[in-house]
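To keep things clear, I will list the structure first and then write my remarks on it.
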2 protein chains.
Amino acid sequence: MNDQPPRERRRATGRVTLQDVARAAGVSPITVSRALRGERAVAPELAERARAAAEQLGYVPDPAARALASQRSSQVLVLVPMLSNALFVDLLEAVHRTLFPEGFQPLIGVTHYDAAEEELLLRTYLPHRPAGLLVTGFDRSEAARQLIARSGVPCVHLMETSGEPGVACVGFSQTDAGAAITRHLLERGRRRIAFCAAQLDPRTLQRAEGYRRALREAGLHDPALEVLSPESSSIALGARLFEDVLRRLPDVDAIFFCNDDIAQGGLLAASRLGVAVPGRIAVAGFNDLAGSDQMVPPLTTVRTPRAEVGREGAAMLLRRMRGEPAGPDCIELGYELVVREST
Amino acid sequence: MNDQPPRERRRATGRVTLQDVARAAGVSPITVSRALRGERAVAPELAERARAAAEQLGYVPDPAARALASQRSSQVLVLVPMLSNALFVDLLEAVHRTLFPEGFQPLIGVTHYDAAEEELLLRTYLPHRPAGLLVTGFDRSEAARQLIARSGVPCVHLMETSGEPGVACVGFSQTDAGAAITRHLLERGRRRIAFCAAQLDPRTLQRAEGYRRALREAGLHDPALEVLSPESSSIALGARLFEDVLRRLPDVDAIFFCNDDIAQGGLLAASRLGVAVPGRIAVAGFNDLAGSDQMVPPLTTVRTPRAEVGREGAAMLLRRMRGEPAGPDCIELGYELVVREST
DNA sequence: CTGAAAGCGCTTACAG
DNA sequence: CTGAAAGCGCTTACAG
């Protein structure tokens with residue numbers, strides 16, 4: 001009567017393994033593995049038996065074991081600068097919708113517009129061997145660049161475009177968009193157009209470049225009209241910048257804010273101070289964020305294709321992760337002027 | 001002259017492994033492993049040698065191998081309803097700041113207030129064996145509840161509190177906070193106070209309950225004054241709800257909006273329509289989100305402790321993941337009335 | 001305090 | 001098309 005279990009050395013995880021499924025299906029574990037991943041040709045009958053057994057036992061592959069054996073996980077590292085900018089929330093949403101149903105899980109990292117922090121995130125997450133990498137723009141430390149290159153992980157750059165062949169990217173011309181909204185203000189008869197910006201990240205500076213280009217073409221460029229703050233973009237900062245312009249540059253008749261949140265703050269400041277918009281001063285924003293259409297007056301802005309950027313960027317990455325024909329290296333999407341009553 | 005390399009069966013990953021470090025340090029791999037993790041007592045001299053060798057070779061542990069061997073990854077699954085509600089961005093920020101420096105990486109999942117989606121996220125991520133789990137509130141499918149319980153992964157509930165012993169949670173009383181802001185409106189002399197809500201998630205409904213309690217106590221409760229929309233919260237929806245109240249309930253003299261974004265929309269609608277706030281109608285919000293202090297007039301609201309919830313929730317989870325004394329099951333944080341000019 | 005052995009649960013690389 | 005063997009790079013569980 002010795003029914004005590006044998007001295008157990010095995011760690012009992014209780015998990016249903018490939019082995020269990022193989023035994024139940026009467027085939028080898030490799031065959032089950034192949035059948036479940038749809039890899040290679042497996043005899044239809046065996047594949048079906050494997051699937052049925054897996055289903056019946058409630059088999060769920062172990063991602064850690066899979067990652068260890070294949071040297072590749074199913075996570076996709078997505079690096080964005082800041083979640084408090086609704087732009088990136090829209091971007092992430094589109095990325096998730098594209099990747100998740102295809103069996104890849106986005107792993108979100110927030111850099112806070114900080115090169116050192118981005119580097120730390122890469123150092124932390126790259127050892128997980130993500131299947132792919134989605135990063136914002138091209139501006140990063142040399143070390144970060146090398147980490148990405150040496151990792152061998154397929155990488156797509158979002159929100160900006162680059163001419164360089166071999167560099168995968170999906171975005172639009174921030175410069176052109178900045179020039180377009182500035183030209184719109186010129187067409188409305190504005191002559192002293194200020195540019196108010198926060199954060200001063202590369203994309204903001206590209207919009208500044210577009211602003212300059214448009215004003216130079218009109219012979220109306222004046223560096224004194226650029227109000228650049230390195231602070232984070234926020235409604236409160238926008239209000240301050242607006243008041244600042246009013247005080248220091250009384251002849252300004254229009255402001256192009258580099259992002260809708262500071263533009264909204266500007267509009268609110270105008271309302272509080274009783275400054276007529278667009279009568280006394282026109283206000284334009286950028287990105288068409290939530291609420292801009294509800295401002296008083298509704299905000300003229302540029303609708304940027306962040307959802308499309310997320311979708312197309314993820315799709316481009318998908319092709320590269322799967323080794324499919326990669327398609328174009330760079331996709332340039334459009335933008336759209338949204339003219340409302342603030343200009 | 002046969003210097004062609006031997007037939008290679010090994011997959012050359014090129015990675016520096018524990019073995020390499022052990023060889024270099026002249027100790028066994030297990031000793032290196034223990035030294036690097038600070039586990040158990042390792043002779044100081046050996047530990048130092050192991051650390052030096054690891055440093056010198058640029059050794060980075062393989063998370064997949066670690067997860068497979070230990071049956072536990074270093075990721076912490078964090079489930080929030082929606083990133084477009086800035087509340088959750090603040091929450092995630094605090095969670096990241098608390099967890100990341102301690103060697104745990106948040107893995108963000110967005111449920112979109114959808115029980116089925118939450119369940120799918122759990123089914124997808126739980127097999128990764130996260131070290132811990134942070135979820136929003138208590139409202140989920142029975143299947144989700146079981147998945148969590150059976151996984152054995154330590155779990156802390158955020159944003160709400162529960163009396164149940166053994167259920168770890170960090171939050172505050174949404175009901176009390178809702179009652180408090182309603183009482184503030186009463187104290188301001190308002191008598192026909194409407195409650196406008198979107199989304200109708202559990203926390204919103206708890207605020208509604210607080211609203212009712214306060215009005216009943218004052219003998220002023222009227223179900224007709226509740227305007228509940230299942231749509232997602234947004235500035236645009238707030239504007240519509242405001243106009244709706246004005247039209248359908250002309251005697252209303254105050255509105256308590258369940259979230260600041262719809263309150264901001266209400267304020268903007270008032271401004272557009274020329275309705276005096278608080279003269280004709282008082283407006284109060286909830287959460288004190290970005291921009292509320294910049295509204296015209298500035299919005300009276302309730303400042304909720306989401307950053308503290310994130311920090312304390314993550315800290316509570318940290319203790320549980322490490323098997324330290326767990327501390328209290330439930331931490332109830334406070335909230336703060338922020339009275340501005342809209343009431 | 002230290003280490004040899006076993007094992008975590010998969011996939012790769014061959015061979016047939 | 002299928003499978004036996006080896007291996008991915010760690011940690012656990014023992015033993016000493």
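Every heavy atom of this structure was used, including side-chain atoms; hydrogens, water molecules and symmetry mates were not. Quick caveat: nothing in here was measured; it's all calculated off a predicted structure.
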**Report entry** Nearest-neighbour nucleotide for the A:Ala69 side chain, D:dT12, C:dG3, C:dC10 considered
**Finding:** C:dC10

Query raised in the report: Where the side chain of B:Arg66 is defined as all heavy atoms beyond and including C-beta, which of C:dG3, C:dT12, D:dT11 is the nearest nucleotide?
Result: D:dT11

Report summary line: Judged by nearest nucleotide, the residue sitting upstream toward the 5' end of DNA chain C, B:Thr31 or B:Ala65, is B:Thr31

For [N], take OP1 and OP2 only and decide whether either is under 4.0 Å from a side-chain N or O of [X].
X: A:Ser28; N: D:dG3; value: yes
X: B:Ser33; N: D:dC10; value: no
X: B:Arg37; N: D:dT11; value: yes

Query - Side-chain (B:Asp62) to main-chain (B:Ala65) donor-acceptor, under 3.5 angstrom - result: yes

Side chains of [X] and [Y] in contact at under 4.5 Å (non-hydrogen atoms):
X: A:Asp20; Y: A:Tyr59; answer: no
X: B:Leu134; Y: B:Leu317; answer: yes
X: B:Leu91; Y: B:Val80; answer: yes

Output yes when [X] and [Y] qualify as a salt bridge under the 4.0 Å nitrogen-oxygen rule, no when they do not.
X: B:Arg140; Y: B:Glu119; answer: no
X: B:Arg51; Y: B:Glu55; answer: no
X: B:Arg320; Y: B:Asp329; answer: yes

Requested in this report: Please state whether the rings of B:His96 and B:Phe100 are parallel, tilted or perpendicular, taking 30° and 60° as the class boundaries.
Outcome: parallel

Query raised in the report: In the structure shown, which nucleotide is the Watson-Crick or G-U wobble counterpart of C:dG16, with both distances under 3.5 Å?
Result: D:dC1

Whole-Å distance between [N] [atom2] and [X] [atom1]?
X: A:Arg34; N: D:dA4; atom1: CZ; atom2: P; answer: 11 Å
X: B:Arg15; N: D:dC10; atom1: CZ; atom2: P; answer: 7 Å
X: B:Leu18; N: D:dC10; atom1: CG; atom2: C1'; answer: 7 Å
X: B:Ile30; N: D:dC14; atom1: CD1; atom2: P; answer: 16 Å
X: A:Leu36; N: D:dT2; atom1: CG; atom2: C1'; answer: 16 Å
X: B:Leu68; N: D:dT11; atom1: CG; atom2: P; answer: 11 Å
X: A:Arg23; N: C:dC10; atom1: CZ; atom2: C1'; answer: 15 Å
X: A:Gln71; N: D:dG9; atom1: CD; atom2: C1'; answer: 8 Å

Query raised in the report: Residues from residues 122-131 of chain B sitting under 4.0 Å of DNA chain C, heavy atoms only?
Result: none

Report summary line: Contact check, residues 43-64 of chain B vs DNA chain D, heavy-atom distance under 4.0 Å, returns B:Tyr59, B:Val60, B:Pro61, B:Asp62

Report task. For B:Gln56, check side-chain hydrogen bond (donor to acceptor under 3.5 Å, both in side chains) against everything at least two apart and list the hits. Result -> none

Requested in this report: Taking all non-hydrogen atoms of both residues into account, name the closest pair between A:Leu36 and A:Ala54 and its distance.
Outcome: CD2-CB, 4.1 Å

